[in-house]
Amino acid sequence: MAVTKRRGYVPQDIEPKWQRIWQERGVLRAADASDRPKYYNLVMFPYPSGDLHMGHMRNYVIGDLYSRFQRMRGYEVLNPFGWDAFGLPAENAAMKAGIHPEVWTRNNIARARAQLAMLGILYDWSREVTTCDPSYYRWTQWLFLLFYERGLAYRALAPVNWCPVDETVLANEQVISGRCWRCGAVVEKRDLEQWFLRITAYADRLLDDLALLRDWPEKVRVMQANWIGRSHGLEVDFPVLGLEGEKLRIYTTRPDTLFGVTFMVLAPEHPLVERVTTPEHREEVRAYVERARRASEIDRLSTEREKTGVPTGGFAVNPLNGERVPIWIADYVLMGYGTGAIMAVPGHDQRDFEFARRFGLPVREVIAPPSGPRGELEEAYVEPGVMVNSGPFSGLDSRAGFDAVADHVERLGIGARSTRYRLRDWLISRQRYWGCPIPVVHCDACGVVPVPKEQLPVLLPRTYRRLSELPEFYRTSCPACGQPARRETDTMDTFIDSSWYFLRYTSAQEETRPFDPGLANRWMPVDQYTGGVEHAILHLLYSRFFQKVLHDAGLVEAVEPFTRLFTQGMVKRGGQVMSKSHGNGVAPDDLVRREGADAGRVYEMFIGPPEDDAEWTDEAVSGAVRFLQRVWRLTLEPGSFPVTGSGADPALLRRRTHQTIQRVTADYDGFHFNTAVAALMELANAMQDHLQRGGERGEAWDEAVRTMILLLHPMAPHITEELWERIGGEGLCADASWPTADPELAAEPEVTLVVQVAGRVRDRLRVATGLDERSAIERALASEAVRRALGRERPSRVVYVPDRLINLVP
RNA sequence: GUCGGCGUGGCGGAACCGGUAGACGCGCCGGACUUAGGAUCCGGUGGGGCAACCCGUGGAGGUUCGAGUCCUCUCGCCGACACCA
């Protein structure tokens, strides 16, 4: 006989049902018109590279949890999603498997969407954005033209980073320690004519506005500040001996050390190298320049390596003291920074010091430490001090010396104060197929001509091949004069695509402009942005740049795009980051089939502080499973817990309930999801204890059950929705209001008072909250353990921290 | 090399402003129920000791009535930057 066994909590039975209902009811669809205050909750959109694993999902679970939480608290939440869909992996896959990049990309998107859905992660899909879709990249092109019109996009011949494996150029930000950020190949230098965005024009604002980002992790702000690397200094002209009227301009941040110059160094690429070199040094210099050009970035930038360089035979004159100093060339001086030439002060710059030591050049002390001049230097002294051997400036504090020397130099008309940045302009040309075409035309007669905005988009051809190999793409006519012309065949860096997607979400269906300014202002700035730290510089800096440019163009009000940033840690398994290549990813599909989506979500939140890396342990998931089963049983089968004790107290249960509301609310707010789970587990323990002490299931019990369901819902949406329905809750749990804690009900009438003698714990007493000191001492002295420790003595001193501790010091 | 961050039971991790170290969970040990249990429930679980107590947050000092928390030095791990004048 087939007996239908009661099955209890079976996640696989209920999860698809609620996913369908949420979708049908349009839960989490953001209303552009609403009485509720807006809340823009954003997770970094992914590159659709294939299967998502639970490492990726951490980001989306956090985002979903937070959306649901803010929604229950009464906000109109915008929680959109999309795909950073242009990029190299699609091309690599295409070459390997013979699939068109677009097909590969679209397949991956479909797959990832399904995986998100099976975890109960909700988005307003009506705002979905896909960067490789012409409806999106049309506006990426439009924005490029906006930058062009505003003088922020330009073409220049420059030595650029070339990745020989990916066969494309890279931005500075995409070269990590001399290697390609994507494939790890050693990057080469090539002289190419390329497109740049003038991000340096925004360097000051990008730096100064970091101060507005109080809710960003300190770490990220510091990284951005270092990357921009603003420095204040002085440019000075040094006359070159034997070249009348020729000046060698240098940049220094230490004008106070000008009297310590003992030689000059030019970058090998410096334009004056040829002319300052004397005939007898010509051969040597030429060989050195040649070698420097060929050296890989890695070798050249390595600080480990001993410094190299050669003398040019030429001399410059120190304009302040008339001294002749030799001119050298060395590759530790970079053409791309400052003026590509330095005055070398080996006494007070460690790099110059090392160079001087290597080549037997003189070292002169011009800044004395507080202990007085040291004469012979063992290393460069880089701290401030008193100026010595500095002519009229001797005796001055070196900090004041900065301005004194700078004023003097400016008065003489041989230099000027100057601010420099480490940040370079953003190289955006890519010689790849799968990207957004740069919308310009090259005409022999008219030069560079932008494609008129009404002709956008410049469509990517269907044929998968480099655009420069597709005449049907690049053969065109000039929009200005109509003569035959050639289309630009470079595509844009994909970081451009992701620099404005958060704006597109605010009006994703807009067909006449990139976004509706009114709606952008309704939703922007993003209130909460969540993603990985790996984007601390690249994406987050570029997006800030775009936001500022669009602000200046009058398209959006906010000057910063992301108010609060949270960077979550990576998920590891077996000590390694979860990834396809390591083969250690936990597939959501398997997890959902075995333990259910809710258990997976709860475990992922319980695993540790979200900002830290976490180690995924398969066995530990069972803790989350058991917890959910217990919540199910407490709610629907409370009678199944055996009564094994007595003394249940409804007031205690209420207290725990309200304390849990306080804790979970604060924890969700502060992104402490691991302790929020712990708090809910404690409430479950308290509820179970209540039942097992024979507690009645009255008002206090019902409140505990309802509260548990509501507080748990953002983390475990399916089971809570099902339980909500079964206990007769009104509407959807997802639509319910967040519970409010009553501080009076949450207050503890009694506390444990720790009793110490001489700082060592001797006893613990249960006392009424707010007990006065006199009574506390009395109670403490009455303790047997205290008397043992204290002996017959009276305490000479008492430290009393009400409701916490009393310390009796003999 | 420089700058940040982190070192807490067998494991993941709690601990507000300096005030009960180890919440919560995994694992483990013992027990109950059971035809069975990888279900469920009960109890235990930092180390030493019969106990009173003692020791214990990488290590060594210091400040304090009191230190995981503050200070100095030191070791180890992780991250960022890496000749930017």
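Labels below follow one simple rule: chain letters A, B, ... track the order of the sequence lines, proteins then strands, and each chain is numbered from 1.
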What pairs of nitrogen or oxygen atoms, one from the protein and one from nucleotides 46-52 of chain B, lie under 3.5 Å apart?
unit_1: B/A52; atom_1: O3'; unit_2: A/R788; atom_2: NH2; d: 3.4

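- B/C42 sits 42 Å from B/C65 when the C1' atoms are compared, rounded to a whole Å.
- Residue contacts for A/Q692: at a heavy-atom cut-off of 4.0 Å it reaches the sugar-phosphate backbone alone, with no base atom in range.
- Within the cation-pi definition used here (under 6.0 Å to the ring centroid, within 45° of the axis), A/R420 qualifies as a partner of A/Y251.
- As rounded to the nearest Å, B/A39 and B/C77 have C1' atoms that lie 41 Å from one another.
- Between A/L213 atom CG and A/L565 atom CG the span is 8.5 Å, to the nearest 0.5 Å.
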Review item, nucleotides 30-35 of chain B N/O atoms under 3.5 Å of protein N/O:
none

Name every donor-acceptor pair, under 3.5 Å, that has one atom in a side chain of residues 687-694 of chain A and the other anywhere in the protein, sequence neighbours excluded.
unit_1: A/Q688; atom_1: OE1; unit_2: A/R630; atom_2: NH1; d: 2.5
unit_1: A/D689; atom_1: OD2; unit_2: A/R693; atom_2: NE; d: 2.9
unit_1: A/H690; atom_1: NE2; unit_2: A/E696; atom_2: O; d: 3.0
unit_1: A/R693; atom_1: NH1; unit_2: A/S646; atom_2: O; d: 2.9

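- For the pair A/R422 CZ and B/C83 C1', the interatomic distance rounds to 11 Å; values are reported in whole Å.
- Annotated as anti: B/G4, whose O4'-C1'-N torsion sits more than 90° from 0.
- The residue among A/T308 and A/K219 whose nearest nucleotide of RNA chain B is located toward the 5' end is A/K219.
- Comparing B/C81, B/C83, B/A85 by their closest approach to the side chain of A/Y332 singles out B/C83.
- Rounded to the nearest 0.5 angstrom, A/R788 CZ and A/S783 OG are separated by 8.0 Å.
- Atom NE2 of A/H535 is separated from atom C1' of B/G79 by 16 Å (rounded to the nearest Å).
- A cation-pi arrangement is present between A/R633 and A/F641, with the terminal nitrogen or guanidinium carbon under 6.0 Å from the aromatic centre and inside a 45° cone about the axis.
- Nearest to the side-chain atoms of A/D349 among the listed nucleotides B/A82, B/A85, B/C54 stands B/A85.
- A/D352 and A/Y332 form a side-chain donor-acceptor contact under 3.5 Å, judged by distance and modelled atom types alone.
- When the side chain to side chain donor-acceptor pair (under 3.5 Å) test is applied to A/R656, the partners found at least two apart in sequence or on another chain are A/Q659, A/E748.
- Residues from residues 248-259 of chain A placing a heavy atom under 4.0 Å of any atom in RNA chain B, listed by number, are A/Y251, A/T252, A/T253.
- In summary, the side chains of A/T257 and A/H348 do not present any donor paired with an acceptor at a separation below 3.5 Å, with no hydrogens or angles considered.
- Using a 4.0 Å heavy-atom criterion, one finds that A/R762 contacts the sugar-phosphate atoms exclusively.
- A/N685 comes within 4.0 angstrom of the backbone, heavy atoms only, and of no base.
- Close to B/C83, at under 4.0 Å from its OP1 or OP2, lies no side-chain N or O of A/R358.
- With sequence neighbours excluded, the residues forming a ring-ring contact (aromatic ring centres under 6.0 Å, His included) with A/W616 are A/Y603, listed by chain and number.
- In terms of position on RNA chain B, the residue among A/A785 and A/A758 whose nearest nucleotide sits closer to the 5' end is A/A785.
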What does the list of N/O pairs under 3.5 Å between the protein and nucleotides 71-73 of chain B look like, with a distance for each?
none

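- Remark: the A/T635 side chain and the A/Y9 side chain contain no N/O donor-acceptor pair separated by less than 3.5 Å.
- Closest to the A/Q688 side chain, of the nucleotides B/C26, B/G25, B/C41, is B/C41.
- Among the heavy atoms of the strands, none lies under 4.0 Å from A/S640.
- Residues A/D425 and A/T200 bring a donor and an acceptor atom of their side chains to less than 3.5 Å of each other.
- In this structure, A/D352 places its CG atom 10 Å from C1' of B/C83, rounding to the nearest Å.
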Tabulate protein N/O versus nucleotide N/O from nucleotides 27-29 of chain B, keeping only pairs under 3.5 Å, one per line.
unit_1: B/G27; atom_1: OP2; unit_2: A/R626; atom_2: NH2; d: 2.8

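- At a threshold of 4.5 Å between non-hydrogen side-chain atoms, the residues A/L541 and A/I228 count as touching.
- Taking only side-chain nitrogens and oxygens, A/Q350 never comes nearer than 4.0 Å to OP1 or OP2 of B/A85.
- Remark: A/A316 engages A/F238, A/M264, A/V325, A/I327 in a side chain to side chain contact (heavy atoms under 4.5 Å, CB included) (not counting sequence neighbours).
- Within 6.0 Å of atom CZ in A/R766, more than 12 heavy atoms from other residues, nucleotides or ligands are found, so the atom counts as buried in its surroundings.
- One interatomic measurement links the two molecules: CD of A/E682 to C1' of B/A23, which rounds to 6 Å at whole-angstrom precision.
- Remark: P of B/C24 and CG of A/D689 are 12 Å apart, rounded to the nearest angstrom.
- Candidate nucleotides B/C55, B/C24, B/C41 were compared by shortest atom distance to the side chain of A/R760, and B/C55 ranks first.
- For the pair A/K307 and A/F355, the cation-pi test (distance below 6.0 Å, angle within 45°) is failed.
- Checked against the 6.0 Å centroid threshold, A/F196 and A/W426 do not count as a close aromatic pair.
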Watson-Crick and G-U pairing of RNA chain B written in dot-bracket, each distance under 3.5 angstrom, with | for inter-strand partners: (((((((..(((......[....)))((((((.......))))))(((....)))..(((((..]....))))))))))))....
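- A side-chain N or O of A/Y421 and one of A/D204 form a donor-acceptor pair less than 3.5 Å apart.
- Distances were taken from every side-chain heavy atom of A/V333 (C-beta onward) to each of B/A85, B/C54, B/A82; the shortest belongs to B/A85.
- OP1 or OP2 of B/A23 has not a single side-chain nitrogen or oxygen of A/R663 nearer than 4.0 Å.
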Could you run through nucleotides 5-20 of chain B and give me one letter per nucleotide, 5' to 3': B if any protein heavy atom sits under 4.0 Å from the base, S if only the sugar-phosphate is that close, - if neither? -------BSS-B--BB
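- The listed nucleotides are B/A85, B/C41, B/C54; the one nearest the side chain of A/R630 is B/C41.
- In terms of the side chain to side chain donor-acceptor pair (under 3.5 Å) criterion, residue partners of A/D667 (sequence neighbours excluded) are, by chain and number, A/T675.
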